[in-house]
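Each residue takes its place number in the sequence, starting with 1.
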Amino acid sequence: MSFQRARTDEQRNERRRQILATAAAMLTEMPVAEVTLTALSRRVCLAKANVLRYFESREAVLLALLEAEIADWITELESAEIPGGPTWERGERLAELLATSLTRRPVLCDLISAQSTVLERNISAETALQHKRAVHGYLETLVRFTGRHLPELGDADAVTLMQTVMLTAVAAWPGSRPPQAVLDAYAADPALAVMCVDFADVVRRTAEVTASGLLARERQPR
């Protein structure tokens, strides 16, 4: 940085971007639990008090990073092409796109898996409100994206589909990355291999089954 103390809005925004970029880089090297405020401050070459000028806590930093990661993911989804065809084919292609795109984004998956249990536990009501409004906006964008490729679902069922996909990702991501002791147990007893979690496969199958079920329900007489 060419300035020592951020004095203008442009400099303050640049300092925020620097903090977020540093946190993102750390998450490529370690899980969320190991990204401490002390380590982040040291890596970004700022005192902890100075980091807290821009974000109220470590959790607030990571929530802001989560929002940026979701925005980038949506940009990727919206640039993808899903060919036309029968409803079931478009549903399968949408499920495959959601699963593969999430798998390519380990930082996003690590953050969403920690969102409710860790990242929302040390923030103010103001930060929580800002974050939830941002996430709600992203959900609306994902619903519109789903509607363009699978309009048969309707908005309400598109919300259900996206919520189910994200909740599945939250549970499947840590399960697909067991510690070494668990990997050793699987290796020692091949019968336990059935308990291994394939993240992309679980998300894809869940999205497929959920979309199929919702579409089938819509075709039932009321």
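Taking CG of L183 as the reference point, atom CG of L192 lies at 12.0 Å (rounded to 0.5 Å). Here CG of L108 is found 5.0 Å from CD1 of I112. Values are rounded to the nearest 0.5 Å. With values rounded to the nearest 0.5 angstrom, M166 atom CE is found 9.5 Å from L139 atom CG. Interatomic distance, L37 CG to K48 NZ, rounded to the nearest 0.5 Å: 5.5 Å. Considering SG of C45 and CD of Q18, their distance stands at 7.5 Å, rounded to 0.5 Å. Separating the CD atom in E140 from the CG atom in D155 is a distance of 9.5 Å, to the nearest 0.5 Å.
The closest donor-acceptor contact from the side chain of D110 to the backbone of V32 lies under 3.5 Å. Side-chain atoms of R93 come within 3.5 Å of backbone atoms of P83 as a donor-acceptor pair (strictly under, hydrogens ignored). S57 places a side-chain N or O within donor-acceptor distance of the main-chain N or O of N122, the cut-off being under 3.5 Å. Within the 3.5 Å criterion, the main-chain N or O of R204 finds no donor-acceptor partner in the side chain of E96.
For M30, the CE atom is densely surrounded, since the number of other residues' heavy atoms within 6.0 Å is greater than 12. Other residues, nucleotides and ligands place more than 12 heavy atoms under 6.0 Å from the CD atom of Q115. At most 12 heavy atoms of other shown residues, nucleotides or ligands fall within 6.0 angstrom of atom CD in E126. Taking a 6.0 Å sphere around CD of E81, one finds it holds 12 or fewer heavy atoms contributed by other residues, nucleotides or ligands. The local environment of CZ in R148 is crowded, with over 12 non-hydrogen atoms from other residues, nucleotides or ligands closer than 6.0 Å.
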Please test R43 against E29 for salt bridge (charged side-chain N to carboxylate O under 4.0 Å, His left out), starting from the C-alpha separation and ending with a verdict.
CA-CA 13 Å; R43 184 79 69 95; E29 306 167 10; 3.0 Å; yes
Test E120 against K132 for salt bridge (charged side-chain N to carboxylate O under 4.0 Å, His left out), laying out the working first.
CA-CA 10 Å; E120 295 180 350; K132 290 301 185 182; 2.8 Å; yes
Does the side chain to side chain donor-acceptor pair (under 3.5 Å) test come out yes or no for E76 and S101, once each step is laid out?
CA-CA 8 Å; E76 177 188 347; S101 62; 4.9 Å; no
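When all heavy atoms of V118 and E59 are compared, the pair lying nearest together is O-CG, 3.7 Å. Taking every heavy atom of both residues into account, A211 and L153 meet most closely at O-CD2, 4.2 Å. Among all heavy-atom pairs drawn from A200 and T103, the shortest one is CB-OG1, 3.3 Å. Residues P178 and G175 come closest through the heavy atom pair CD-O, 3.8 Å. The two residues V170 and P174 come nearest to each other via the heavy atoms O-CD, 3.1 Å. For A39 against M26, the heavy-atom pair with the smallest separation is CB-CE, 3.8 Å.
Salt bridge R144/E78: absent, no basic N to carboxylate O contact under 4.0 Å.
At a threshold of 4.5 Å between side-chain heavy atoms, the hydrophobic network of Ile, Leu, Val, Met, Phe, Trp and Tyr places L102 and V202 in two separate groups. The hydrophobic cluster containing V135 does not contain V107, counting ILVMFWY residues as joined when their side-chain heavy atoms lie under 4.5 angstrom apart, directly or transitively. In the hydrophobic clustering of ILVMFWY residues, with side-chain heavy atoms under 4.5 Å counting as a link, L161 and L167 come out apart.
Looking at L111, I123, L20 one by one, the single match for side-chain contact (heavy atoms from CB on, under 4.5 Å) with L62 turns out to be L111. Among L214, T206, V209, the one residue that satisfies the side-chain contact (heavy atoms from CB on, under 4.5 Å) test with T164 is T206.
For residues 155-186, the ring-ring contact (aromatic ring centres under 6.0 Å, His included) pairs, not counting sequence neighbours, are W173-F199. Every pair tested for ring-ring contact (aromatic ring centres under 6.0 Å, His included) that includes a residue from residues 78-124 fails, sequence neighbours excluded, so the list is empty.
Side chains of E14 and R17 form a contact here, defined as non-hydrogen atoms less than 4.5 Å apart. Counting heavy atoms from C-beta outward, F145 and L150 have side chains that stay 4.5 Å or more apart. Within the 4.5 Å cutoff, the side chain of D72 has heavy atoms near those of the R105 side chain. Taking 4.5 Å as the limit, every side-chain heavy atom of V159 sits out of range of all side-chain heavy atoms of L142. Between P151 and R90, some side-chain heavy-atom pair lies under the 4.5 Å cut-off. Inter-residue side-chain proximity for V165 and T210 is flagged as unmet; no heavy-atom pair is nearer than 4.5 Å. Looking at L27 and L65, their side chains come closer than 4.5 Å, going by heavy atoms from C-beta outward. A heavy-atom distance below 4.5 Å is not found between the side chains of R58 and L40.
Side chain to side chain, T38 and S41 fail the donor-acceptor criterion of an N or O pair below 3.5 Å.
With sequence neighbours excluded, no residue forms a ring pair (Phe, Tyr, Trp, His ring centres under 6.0 Å) with H131. Among residues two or more places apart in sequence or in another chain, the ring pair (Phe, Tyr, Trp, His ring centres under 6.0 Å) test is passed with Y138 by none. N50 pairs by the side chain to side chain contact (heavy atoms under 4.5 Å, CB included) definition with L46, A47, R53, not counting sequence neighbours. Applying the ring pair (Phe, Tyr, Trp, His ring centres under 6.0 Å) rule to F55 yields no partners; only residues at least two apart in sequence or on another chain are considered.
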